[in-house]
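Whatever order the structure lists ligands and atoms in, that order sets their numbers, starting from 1.
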Amino acid sequence: MYLLAVVGVLAVTVTSESVTSLRFPPGFQFGVATSAYQIEGGWNASDKGESIWDRMIHSRPESIYDRSNADVACDSYHLWEEDLRLVQDMGVDFYRFSISWPRLLPHGFSNKVSEDGRRYYSAIIDGLLERGISPMVTLYHWDLPQRLQELGGWTNPLIVDWFADYARVAFSLFADRVHTWITINEPGTICDVSYRGFLAPGVKDHEVGALLCTKHVLLAHATAYRVYQKEFKPKYHGEVSIANQESWFEPKTDMDLEITLLAREYLFGRYSHPIFSATGGWPPALQRYMADKSKREGFSRSRLPAFTQDEIRLVKGSFDYYGLNHYTSRVVRAAVPGEPLQYMMQGIEEVEAALETRPHWGAAAASWLKVNPQGLRRLLQLIKQQYGDVKILITENGYSDTGAQLQDRDRVQYYRDYLEQVLLAMNEDAVRVVGYTAWSLLDNFEWVAGYTSRFGLYAVDFSSPLRPRAARASARFYAGVARAGARSVAPAHNTTRAIQ
Ligand code: PNW
């Protein structure tokens with residue numbers, strides 16, 4: 001048993017003998033992440049356009065648990081330089097942030113680029129580079145221009161071109177300085193959670209709307225990927241992919257293996273198979289399931305819209321790495337007929353799967369976040385098994401609590417335990433993980449949970465107009481892991497290492 005002291009107050013116990021000698025290899029990249037809507041504020045600053053989140057919150061304030069909003073959020077629209085200092089203080093390699101589509105293109109379309117929007121993101125990128133930190137940019141982290149929503153949003157096939165136009169503008173302005181791009185953050189959340197009414201735009205149509213969204217989000221990603229590949233890659237040699245949110249799903253009993261495979265394909269394979277598999281297109285078992293089910297329901301075609309051969313080719317291989325957001329695990333079993341299956345909390349109605357958690361898994365402030373570190377290793381193994389020896393970049397992983405406390409023991413433990421599983425996957429299973437991103441740099445606007453669920457390595461005091469930031473113990477822990485030369489989640493044998 002070894003002890004790792006964190007600023008003399010917090011001690012993390014390392015129990016597993018096997019991992020104490022493991023180290024992240026030189027070149028492994030550590031980063032921290034945020035997204036525009038969750039931190040920026042400045043919702044109507046200068047000529048910024050309205051997003052679907054602005055619209056939903058302002059017209060239906062009761063849709064946010066604490067009736068808060070993100071009009072100011074962390075005020076990073078004004079305090080971005082301070083954010084960069086915090087990133088620098090941690091000594092990480094990269095900062096993942098997102099561009100707000102309606103801040104850069106106030107009308108949603110590429111006919112007008114906001115000069116203030118351009119200047120804002122350009123300054124962040126230059127500020128990072130001056131500090132020796134690589135910018136990693138997400139193009140779409142859920143803040144769709146409201147105007148495009150009124151034209152059907154992600155259910156309109158034309159959004160594929162609108163998104164590609166937006167991507168081309170961002171690449172033209174910033175690809176000289178940004179080498180790692182994420183087109184779309186969590187298409188599954190955008191389509192499946194939003195189209196069950198839980199997130200903006202609050203449209204409830206999982207039967208058809210969510211599945212149209214799935215197809216268009218994949219085509220939008222792939223078209224943007226091809227724009228970069230053709231017009232920018234020859235000059236800048238950067239990398240582009242998508243960030244999929246995937247939990248670890250395991251069967252409850254041997255009898256539940258088939259339903260687990262179907263649930264995985266519905267939730268995760270729908271967004272990864274078309275891009276990362278050797279054959280492309282929808283996962284075959286899901287495609288059959290949806291075709292049969294749609295027929296039984298009297299639809300004249302499958303609710304899961306077909307791809308043409310050209311579309312399959314366009315999407316297949318549209319990646320330079322595998323972007324993975326991971327937080328939690330579930331146990332899957334076949335649902336009992338008539339059982340309530342509230343999405344993700346109780347199950348997945350579309351495939352009649354019930355979801356459970358194990359009693360010994362830890363809890364977080366977010367009710368969906370149950371702690372099972374081994375799930376990450378199993379998931380990394382599964383990705384390798386399904387899609388081959390692909391380069392995996394963990395684009396999000398993190399833990400939420402409720403308050404402003406700085407001694408966040410549980411978050412430190414979460415990071416320690418999940419990072420240990422990354423090390424084991426790399427060393428024992430030869431999974432090619434190339435980087436890890438902590439969500440999040442700061443406490444921020446946690447979508448419908450408002451400010452009730454805090455993911456920050458730095459606490460933010462939202463009651464003060466100055467939005468002061470304060471380092472948590474987890475910020476120091478993560479800085480210690482990330483700092484060059486100390487790339488281990490566990491201390492060397494018999495030593496106690498203080499992390500400043
Ligand atoms: C992500 N799940 O969403 C988002 O990318 C962030 O914007 C968000 O703040 C963060 O995670 C924390 O919630 C998730 O069901 C949505 O496992 C759903 C899940 C995980 C992450």
Side-chain angles (χ1 to χ4, degrees), residues 31-40 51-53 64-65 68 70 73-74 76 96-100 136-144 182-196 198-200 217 242-249 263-264 266-268 271 323-332 342-348 353 355-357 361-373 375-376 379 393-402 411 414-415 418 437-457 460:
V32 288
T34 59
S35 87
Y37 195 73
Q38 294 177 275
I39 66 163
E40 285 178 2
S51 76
I52 54 175
W53 278 91
I64 309 302
Y65 300 167
S68 62
C74 305
S76 294
R96 177 187 167 201
F97 64 97
S98 79
I99 293 177
S100 159
M136 178 185 293
V137 173
T138 313
L139 290 174
Y140 185 72
H141 202 125
W142 309 358
D143 43 357
L144 189 72
I182 295 168
T183 53
I184 291 169
N185 181 67
E186 297 191 356
T189 310
I190 295 165
C191 298
D192 302 322
V193 184
S194 295
Y195 279 86
R196 280 171 177 82
F198 297 122
L199 299 170
V217 104
I242 192 166
N244 278 328
Q245 190 282 120
E246 298 184 17
S247 304
W248 167 247
F249 275 16
R264 281 185 193 151
Y266 174 76
L267 242 91
F268 315 128
Y271 300 97
L324 175 68
N325 289 3
H326 175 81
Y327 289 85
T328 192
S329 294
R330 289 292 183 275
V331 174
V332 188
Q342 197 208 354
Y343 194 67
M344 283 310 289
M345 296 311 294
Q346 297 168 315
I348 309 162
L355 300 179
E356 296 180 358
T357 58
W361 290 351
S367 52
W368 52 266
L369 208 174
K370 304 297 177 209
V371 181
N372 175 38
L376 176 53
L379 179 62
L393 178 61
I394 297 175
T395 36
E396 283 181 27
N397 179 232
Y399 177 87
S400 69
D401 54 22
T402 48
R411 182 176 290 102
Y414 181 99
Y415 278 118
Y418 274 74
T437 318
W439 180 274
S440 174
L441 171 66
L442 300 170
D443 285 347
N444 57 48
F445 181 75
E446 178 56 16
W447 308 111
V448 289
Y451 300 101
T452 63
S453 187
R454 314 272 187 124
F455 277 88
L457 295 167
V460 176

Please could you name the atoms of ligand 1 that [X] approaches to less than 4.0 Å, counting only its heavy atoms?
X: Ser247; value: 17 (O)
X: His141; value: 4 (C), 5 (O), 6 (C), 7 (O)
X: Thr328; value: 17 (O)

> Is the closest heavy-atom distance from Ser35 to ligand 1 below 4.0 Å?
Replying inline: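 Flag not set, Ser35 not near ligand 1.
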
>> Restricting to salt bridge (Lys or Arg N to Asp or Glu O under 4.0 Å), what partner residues turn up for Asp143, sequence neighbours left out?
In response: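 Applying salt bridge (Lys or Arg N to Asp or Glu O under 4.0 Å) to Asp143 gives none.
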
Under 3.5 Å: N/O of [X] near N/O of ligand 1:
X: Gln38; result: yes
X: Asn444; result: no
X: Thr189; result: no
X: Trp439; result: yes

Taking the side chain as every heavy atom from C-beta outward, state whether [X] and [Y] have any pair of such atoms under 4.5 Å apart.
X: Trp248; Y: Arg264; result: yes
X: Trp53; Y: Leu144; result: no
X: Gln342; Y: Phe198; result: yes

> Which is it for Tyr327 and Trp368 under the ring pair (Phe, Tyr, Trp, His ring centres under 6.0 Å) test, yes or no, and what are the steps along the way?
Replying inline: CA-CA 9 Å; Tyr327 289 85; Trp368 52 266; 5.6 Å; yes

Nearest protein heavy-atom contact for [atom]: which residue, which atom, what distance?
atom: atom 14 (C) of ligand 1; result: Glu186 OE1, 3.3 Å
atom: atom 12 (C) of ligand 1; result: Glu446 OE2, 3.2 Å
atom: atom 10 (C) of ligand 1; result: Tyr327 OH, 3.3 Å
atom: atom 4 (C) of ligand 1; result: Glu396 OE1, 3.5 Å

> Is Arg411 reaching over with its side chain to a backbone N or O of Tyr399, donor-acceptor style, under 3.5 angstrom?
Replying inline: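 Side chain of Arg411 to backbone of Tyr399: a pair is present.
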
>> Quick check against the 3.5 Å criterion: does Thr437 have a side-chain atom that pairs as donor or acceptor with the backbone of Ala33?
In response: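 Side chain of Thr437 to backbone of Ala33, a donor-acceptor pair under 3.5 Å: no, none is there.
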
>> Checking contacts here: is it the side chain or the backbone of Asn185 that comes within 4.0 Å of ligand 1, counting heavy atoms only? Could be both or neither.
In response: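 Side chain only.
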
>> Are Phe445 and Tyr451, when compared by the centres of their aromatic rings, separated by less than 6.0 Å?
In response: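 Yes: the rings meet the under 6.0 Å criterion.
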
>> Quick check for you: to the nearest 0.5 Å, what is the distance between Ser247 atom OG and Asn325 atom CG?
In response: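 That separation rounds to 10.0 Å.
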
> Which residue from Trp368, Tyr399, Phe198, Trp447 reaches closest to atom 2 (N) of ligand 1 through any of its heavy atoms?
Replying inline: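 It is Trp368 whose heavy atom sits nearest to atom 2 (N) of ligand 1.
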
